[in-house]
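A quick write-up on the structure given underneath.
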Amino acid sequence: MSLFEIKHVKKTFNDLEVLHDISVSVDKGEVVGIIGPSGSGKSTLLRCATMLETMDSGELSYLGEKAAWNDESGRAVYASKQDLRRIKSHYGLVFQSFNLFPHYSVMKNLCDAPICVQGRERGEVEQEALALLKKMGLEGKEDAYPQQLSGGQQQRVAIARALNMNPDILFFDEPTSALDPELTGEILKVIRQLADEDMTMVIVTHEMAFARDVADRVIFMDGGYIVEEGLPEDVISNPKEERTRQFLSRFSENG
């Protein structure tokens with residue numbers, strides 16, 4: 001059974017169809033990289049998967065439990081608020097812009113949701129948070145505020161915050177696009193470590209070498225369609241589709 005599955009998703013913004021009948025499933029322990037040009041629908045797909053956007057039509061499920069499905073008219077309907085709250089606990093999302101609460105300390109950023117949303121014991125949550133900060137190389141930063149940290153440190157706090165919810169799957173939306181090359185390396189190292197620990201992840205990225213090295217499967221999107229999907233060495237190193245080749249040739253030129 002897939003840990004996460006989205007089927008036949010369509011999404012339109014102001015008459016512009018940005019997702020055309022997209023289907024993706026992810027198994028436990030799998031790392032899926034999603035690549036493609038700006039405006040290809042990658043981030044919209046992630047936002048539909050994490051219910052930050054509502055689908056026009058399609059199905060969405062986590063661990064076999066349906067979060068959304070089509071009604072008789074073919075429009076997407078969503079599960080009850082109570083069911084969705086439980087389903088949402090299965091995943092975490094790391095944004096490109098960190099999205100930390102600026103008026104919260106690092107510790108409060110990590111602990112607020114597990115205590116208030118999941119109702120877990122404060123002592124246990126704080127202990128896990130400290131262990132995660134140590135793992136992220138942020139020991140001693142628990143009382144700092146986001147503006148006192150570098151971009152790379154803020155993104156590592158954001159990853160620790162997502163992990164402190166004990167998700168089954170983590171989604172990353174271009175986690176390094178707001179960072180300079182040196183800080184990008186910090187974040188990619190953290191994600192690589194999570195992959196080594198068999199964390200299930202879906203990563204929208206423009207780091208081609210990273211996608212090739214870390215992903216189990218790569219999806220190339222363009223114009224709201226999945227153009228090509230397969231093993232990283234096939235899609236990135238030896239693409240079948242002309243559109244994929246054109247896209248990747250720009251990276252080899254820049255590289």
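Basis for what follows: all heavy atoms, side chains included, without hydrogens, waters or symmetry-related copies.
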Taking all non-hydrogen atoms of both residues into account, name the closest pair between M107 and E126 and its distance. CE-O, 3.4 Å
Do E228 and T244 meet the criterion of a side-chain donor-acceptor pair at a distance under 3.5 Å? yes
Applying the 4.5 Å side-chain criterion to the ILVMFWY set and letting contacts propagate, would I203 and F95 be lumped into a single cluster? no
To the nearest 0.5 Å, what is the distance between CD on Q147 and CG on L100? 10.5 Å
I want to check something: taking the side chain as every heavy atom from C-beta on, are S38 and E174 in contact at a cut-off of under 4.5 Å? no
List, by chain and then residue number, the residues other than Y104 in its hydrophobic cluster (Ile/Leu/Val/Met/Phe/Trp/Tyr, side-chain heavy atoms under 4.5 Å); write none if there are no others. F101
Under 3.5 Å, is there a donor-acceptor pair between the H8 and E59 side chains? no
Donor-acceptor contact present, side-chain Q153 to main-chain G151, <3.5 Å: no
Donor-acceptor pairs under 3.5 Å, side chain of residues 183-191 to any protein atom, not counting sequence neighbours: which ones?
residue : atom : partner : partner atom : Å
T184    : OG1  : D180    : O            : 3.0
E186    : OE1  : R156    : NE           : 3.1
E186    : OE1  : R156    : NH2          : 2.8

Should we say atom CD of Q127 is surrounded by more than 12 heavy atoms from elsewhere, each under 6.0 Å from it? no
The reported gap from CD1 in I159 to CE in M136 (rounded to nearest 0.5 angstrom) is 5.5 Å
d(K135 NZ, Q193 CD) to nearest 0.5 Å is 5.5 Å
Is there a donor-acceptor contact under 3.5 Å from the side chain of E128 to the main chain of L163? no
Please output the side-chain donor-acceptor pairs of residues 43-53 that fall under 3.5 Å, not counting sequence neighbours, one pair per line with the distance.
residue : atom : partner : partner atom : Å
S43     : OG   : D173    : OD1          : 2.8
S43     : OG   : D173    : OD2          : 3.2
T50     : OG1  : L46     : O            : 2.8

Ignoring hydrogens and angles, state whether a donor on the side chain of T12 or D56 is under 3.5 Å from an acceptor on the partner side chain. yes
Under 3.5 Å, is there a donor-acceptor pair between the side chain of D234 and the main chain of N238? no
Spell out, as yes or no, whether a donor-acceptor pair under 3.5 Å connects the side chain of S89 to the backbone of R86. yes
In the structure I gave you, are the side-chain heavy atoms of L110 and N164 within less than 4.5 Å of one another anywhere? yes
Would you call T176 and Q155 a side-chain contact if the rule is heavy atoms closer than 4.5 Å? no
Side chains of V218 and I236: does their closest heavy-atom pair fall under 4.5 Å? yes
Under 3.5 Å donor-acceptor, K11 side chain and T54 backbone: yes
How would you list, by chain and number, every residue that makes a ring-ring contact (aromatic ring centres under 6.0 Å, His included) with Y62, sequence neighbours excluded? F4, Y91
Test R120 against E124 for salt bridge (charged side-chain N to carboxylate O under 4.0 Å, His left out), laying out the working first. CA-CA 8 Å; R120 283 159 55 199; E124 172 212 335; 3.6 Å; yes
L132 vs L138 side-chain heavy atoms within contact, under 4.5 Å: no
As an exercise, state the distance from CD1 of I6 to OG of S25, rounded to the nearest 0.5 Å. 11.0 Å
Distance (rounded to the nearest 0.5 Å) between K88 NZ and D83 CG: 12.0 Å
Testing the basics here: between P232 and A211, what is the closest heavy-atom pair and its distance to 0.1 Å? CB-O, 4.0 Å
S105 (side chain) donor-acceptor with K108 (main chain) under 3.5 angstrom: yes
Partners passing ring-ring contact (aromatic ring centres under 6.0 Å, His included) against F247 (at least two apart in sequence or in another chain): F220, F251
Is the closest side-chain heavy-atom distance between M221 and I22 below 4.5 Å? yes
Look up atom CG in D198 and atom OG1 in T200, then write down how far apart they are to the nearest 0.5 Å. 8.0 Å
Connected to V77, directly or through other members, by ILVMFWY side-chain contacts below 4.5 Å are W69
